[in-house]
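Take a look at the structure set out below.
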Amino acid sequence: MNQAYPNYLNTLNNQQKEAVLHQEGPLLILAGAGSGKTKVLTTRVAHLIETKQCFSNQILCVTFTNKAANEMKERIAKLTNLNSNAVPWLGTFHSISNKILRKYAEAVGLKPSFTILDTLDQLKLIKNILAAENLDPKHNPAKFVAYQIDQWKNKALLPPEIKVSSSDFMRINALKVYKVYQERLRVMNCVDFGDLILHCITIFKNFKEIQNVFKKNFKYILVDEFQDTNFIQNLWLNLITDNHNNICVVGDDDQSIYSWRGAEVKNILDFEKNYQKTKIIKLEQNYRSTKNILNSASSLISNNEDRLGKKIWSDFNDGEKVWVNSYGDGRDEAIGVSDIIEKELINHFSINNISILVRAAFQTREFEERFIRIGLPYRVIGGTKFYERAEIKDALCYLRLIHQKSDDLAFERIINTPKRSIGDTTLQKIHEVARKNNKSLYDTSLEMLDGEELKPKTKDSLKNLIKLIQQWTKFSKNLGHVELLEKVLDESGYTTMLMNEKSPEADARLENLKELRISMKNYSNLIEFLENISLQTAIDEEWEGEKINLMTIHAAKGLEFECVFLPGWEEGMFPHQKSIEEKGDIAVQEERRLAYVAITRAKKRLFISFANNRKFFGSAKNDNNDWMPSLPSRFIDELDKTYLKINEIAEEKFNDFDFAQDLTFNQSKKSPGWQRYQEEKIKEKVKTINYTNNLTNFKIGHTVNHETFGNGKIIHIDGNKVLINFKNVGEKKVIDKYLQKIDNE
DNA sequence: TAACAACGCTTTTTT
DNA sequence: AGCGTTGTTA
C-alpha cells in the first residue's frame, strides 16, 4: 500500500507495529503483562478494515470474557469511526458459538429457540437424573458428575466415544448420567455452556457445507488470551480456519490460570507445530507498572519452571515500593486497607482506580463490611451472579416457560413458587408419567388434569397455574416483555409473597426484581432477552459511578488499576490448599502465575498483605476454635526484598464505631455482603475478639498444647513462630500465643 | 403439605 | 456461621 502510515500506527512501538502490519499466515504474539496486547489486537482489526483487506464481517475475533469483547468493540469503533457493532463476529467462544448454533440448530436436532442452562440448572437436572436412575447421590455427588461431564465436553467427547476403566465406578455412573443428560437436554430443547461449543464441532464435522460457509467467510482470525484456550476451543479454531491460515493468536504463558478448565500452556508451544511457518513476535515492553511493581512480579514468576521466557522491561520510574503488610486478623486487615485508602490514596487517585483482588470470592465479605461501616462506596464484580439469585431465577423461569413449554427445569422451579400446595409428591407423580411417556412436565400436567391420579385439591391449583401460563403466553404475543414480567410477577402472587415477608432479604429481592425490569429494557423483545442473558455474567452498568472495586483475581484478568490491594496472602489460602492437595507442584505453579497476574494489574501502588490469624467456617466445637493461626504465603518469601517495604508489625487496633453518615452513598445494588450486614445489625450481634497477649518463652523440647492440633513437642523456633511435632497431626508451624506449656516433668 | 428442627457440608478459580 | 437437605410433627 503506497500511503503514509495512518495515525493509529504512530503510537505503536516496532514490535507492536510489526504485529499489526503482518499480512498473511499464522502469527503468534507472545505478549507480556501490560505490553499493550489489546491495543495491538484492536489496531490490527482496525487496520484490516481501514485498508480494505477484508470486510469487517470477515474478521473473527475471539476473546475470553464478554467484558474484554465489549472493550475491544469500543476501541475498534473509536479507531475506525464505525459503530461498536462493526465487527459482528467479535465475542467469546461461547457467544460466537451461540450465534452459529441459533442458525444451524436443526443440524443437531435442536430448535433455534433453545434455552441455555446455567450451572444451577445443570446441577438440578443431574440430581433429577441421579434420582430417576436410582443412583445414590452420596456416592455419586451431582457436583462431581457435572464436573466430569464438563471435562469430557472440554475434550470434545460425547458419551459413545468415552472409555472408562471398569474399576472407576464414579466415572462409570457419571457416563451413565451423561448419556441420559444429553437426551434430556435435547427433549427439553436446552443446551449447557459446553454444548454451545460441542454442538458447533458436531455440525462442522457432519456438515461440510456448513463448515465451509464459515471457513470461506473468515479471512482473518484473531484470538486473545490464547494460553487459556482448551482442547475443544482449539479444535473449534482449527475447523473454522481455512487454508489461508491467517490466524493471529496472542498469549502469555506466565498468565495461564485456567488449567482447571482444561486450558494447557502447551497450546502456545503447539501452535507452531499446528500451523506451518508461524511468525513469532514478542512484546516485552511494559507500559503499565512502575519498576518496583514489575520487578516484584518478575522475581516471583522466576520461581516457575518451563517458561517460554520473556524479558519484560519498562522505562517507567521506580515508583513507590511495594508494601507488604502484616495484620493480626482478617478484620484488622480490612481496617488497615481502608485506612490506607483514606489516608494515603483518596487524595491522589480516583477510587474507581483502586481495586482489591482476592483469591476466592468469599474473601470480599470482610472488606464489604468494613466499607459499609465507614461509608466508602464499593462494587463487587462477579461474586453471586445477578441472574443466579433466587428471585431473578424464579422470574426468569416463568418467562422461560412461557417462551418454551418443554423447559422442565423452569416448570419444576415455579410450579410451587409461590406456594400453591403442589408439593413433592405431586411433582414426583408428574415426573413419573412424563418419563414413561417421554413428554415434558408441562404437557404431562395438562394430560393429568383429565385423569384421576391427582387429588381434586391439587388438581385445582395446578389447573389455575396452567390457565395463568396459557393467558400469559397469549399476552406475550401482543405485548412487550417488560409488561409481561410485571403481569407475571403480579398475577402469580410472587410480588405479594415477598411483600408479606417483611424481612430485609425480601426487600432486597423486590429491589432486585426492579433491577431486572430495568435491565430487560435493553432488549427489544422476550426472545432476544432470553437468548442473551444466559451468557451474560452480570449487569453491564457495573462500572458507573465512583467506587472501590472488589473481585477475584481471575475476574481481574485483563484489567488494570492505579492502586491494587492483594490481601489474604497466606499458606492454604494462596496458594490454595485444595490446589496443593490435588496436583502438587504443578498446581502451585499455576497459583504462582495467578499471583503474577494479580501483581501485574497494578500501575502505581501495590499493597500485599496477610493476617496472622484467620477466621474460618465450621468446627465450632468451642468458641475459640473458629480462629486459626496462619502463615504468610510462600509467594511473599519469593518476592525480591529490594522492591518491598515490609511492615512486620500488625496494625494497631483502634476503637471502631459506626459513623453517623453510614450508607449515605448510593449503593444501588444490594450485594450479599450488604444484606448480611443489615441482618446482623438488626440482630444487634456485636462481635468482639479477645486476645491474650501473655507471650510465653518456649524452648525446644517443651511439650505444649494447641487448641486445634492437640499436644506436641517443639522442634524449632523462629521468632514467634514455633515448629511443633504434634502427636496427632504431625509437624505444623504455629504462633506461640496459641500454645500452652504442659508440665510433664 | 407446610413449618420447623436436626444434621452435615461448605469455599477455589468461570464461560 | 450459614445453607441446603432430611426428618418429624401438626
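Here is the naming used below: chain letters follow the sequence lines, and residue numbers restart at 1 for every chain.
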- With no hydrogens and no angle check, do the side chains of N532(A) and Y523(A) hold a donor and an acceptor under 3.5 Å apart? no
- List for me each residue that meets side-chain hydrogen bond (donor to acceptor under 3.5 Å, both in side chains) alongside D507(A), sequence neighbours excluded, and say none if there are none. none
- Message: Under 4.0 Å, heavy atom to any atom of DNA chain B: which of residues 571-579 of chain A qualify?
- Response: H576(A), K578(A)
- Query: For F64(A) and dT15(B), is the gap between ring centres under 5.5 Å while the planes differ by less than 30°?
  - Reply: no
- Partners of E570(A) by side-chain hydrogen bond (donor to acceptor under 3.5 Å, both in side chains), sequence neighbours excluded? R614(A)
- Name all pairs fulfilling the salt bridge (Lys or Arg N to Asp or Glu O under 4.0 Å) condition that reach into residues 414-433 of chain A, sequence neighbours left out, sorted by first residue then second. none
- Message: Tell me every residue that passes side chain to side chain contact (heavy atoms under 4.5 Å, CB included) with A142(A), counting only those two or more places apart in sequence or in another chain.
- Response: L123(A), I126(A), K127(A), L130(A)
- Query: Can D585(A) and Q589(A) be counted as having a side-chain donor-acceptor contact under 3.5 angstrom?
  - Reply: yes
Under 3.5 Å between N/O atoms: give me all the protein pairs with nucleotides 5-10 of chain C, atom names plus distance.
residue : atom : partner : partner atom : Å
dT5(C)  : OP1  : K127(A) : NZ           : 3.2

- Note on the structure: Residues pairing under ring pair (Phe, Tyr, Trp, His ring centres under 6.0 Å) where one sits in residues 574-596 of chain A, two or more places apart or in two chains, turn out to be W569(A)-F574(A), F574(A)-F635(A)
- Taking only side-chain nitrogens and oxygens of T65(A), does any of them come within less than 4.0 Å of OP1 or OP2 of dT14(B)? no
Atom pairs under 3.5 Å: protein N/O with N/O of nucleotides 2-6 of chain B:
residue : atom : partner : partner atom : Å
dA2(B)  : OP1  : S421(A) : N            : 3.3

- Query: How close or far is atom C1' of dT1(B) from atom NZ of K429(A), stated in whole angstroms?
  - Reply: 12 Å
- Do the side-chain N or O atoms of S95(A) get closer than 4.0 angstrom to the phosphate oxygens (OP1, OP2) of dT15(B)? no
- Item | Side chain of T425(A) - closest among dT14(B), dT1(B), dT11(B) | dT1(B)
- Within this structure, what is the CG-to-P distance between L535(A) and dT14(B), rounded to whole angstrom? 16 Å
- Query: With sequence neighbours left out, what residues match D224(A) under side-chain hydrogen bond (donor to acceptor under 3.5 Å, both in side chains)?
  - Reply: K37(A)
- Take atom CD1 of I580(A) and atom P of dT11(B), then tell me their distance rounded to the nearest Å. 18 Å
- Sequence-distant partners of D195(A), side chain to side chain contact (heavy atoms under 4.5 Å, CB included), two or more places apart: K153(A), Q182(A), L185(A), V191(A), D192(A), L198(A), H199(A)
- Message: If I take atom CD in residue Q151(A) and atom C1' in nucleotide dT13(B), what distance separates them, rounded to the nearest angstrom?
- Response: 13 Å
- Query: Between E369(A) and E366(A), is there a donor-acceptor pair closer than 3.5 Å when you use the side chain of the first and the backbone of the second?
  - Reply: no
- Task: Could you state the atom-to-atom distance from CD of E388(A) to P of dC3(C) in whole Å?
- Result: 16 Å
- Query: Of the candidate nucleotides dT14(B), dT15(B), dT1(B), which contains the atom at the shortest distance from the side chain of Y258(A)?
  - Reply: dT14(B)
- Note on the structure: Here the distance between atom P of dT11(B) and atom NZ of K143(A), to the nearest Å, is 4 Å
- Query: When you measure from the side chain of T426(A), which nucleotide among dT1(B), dT13(B), dT11(B) comes out closest?
  - Reply: dT1(B)
- Let me know the distance between CD1 of I381(A) and P of dT15(B), rounded to the nearest Å. 12 Å
- Message: Expressed as a whole number of angstroms, how long is the span from L123(A):CG to dG4(C):P?
- Response: 12 Å
- Query: T229(A): what forms a side-chain hydrogen bond (donor to acceptor under 3.5 Å, both in side chains) with it, not counting sequence neighbours?
  - Reply: N234(A)
- Residues two or more places apart in sequence or in another chain: which of them pass side chain to side chain contact (heavy atoms under 4.5 Å, CB included) with V433(A)? N437(A), T444(A), M448(A), E453(A)
- Message: Please pick, from dT1(B), dT15(B), dT14(B), the nucleotide with the shortest atom-to-atom distance to any side-chain atom of T119(A).
- Response: dT15(B)
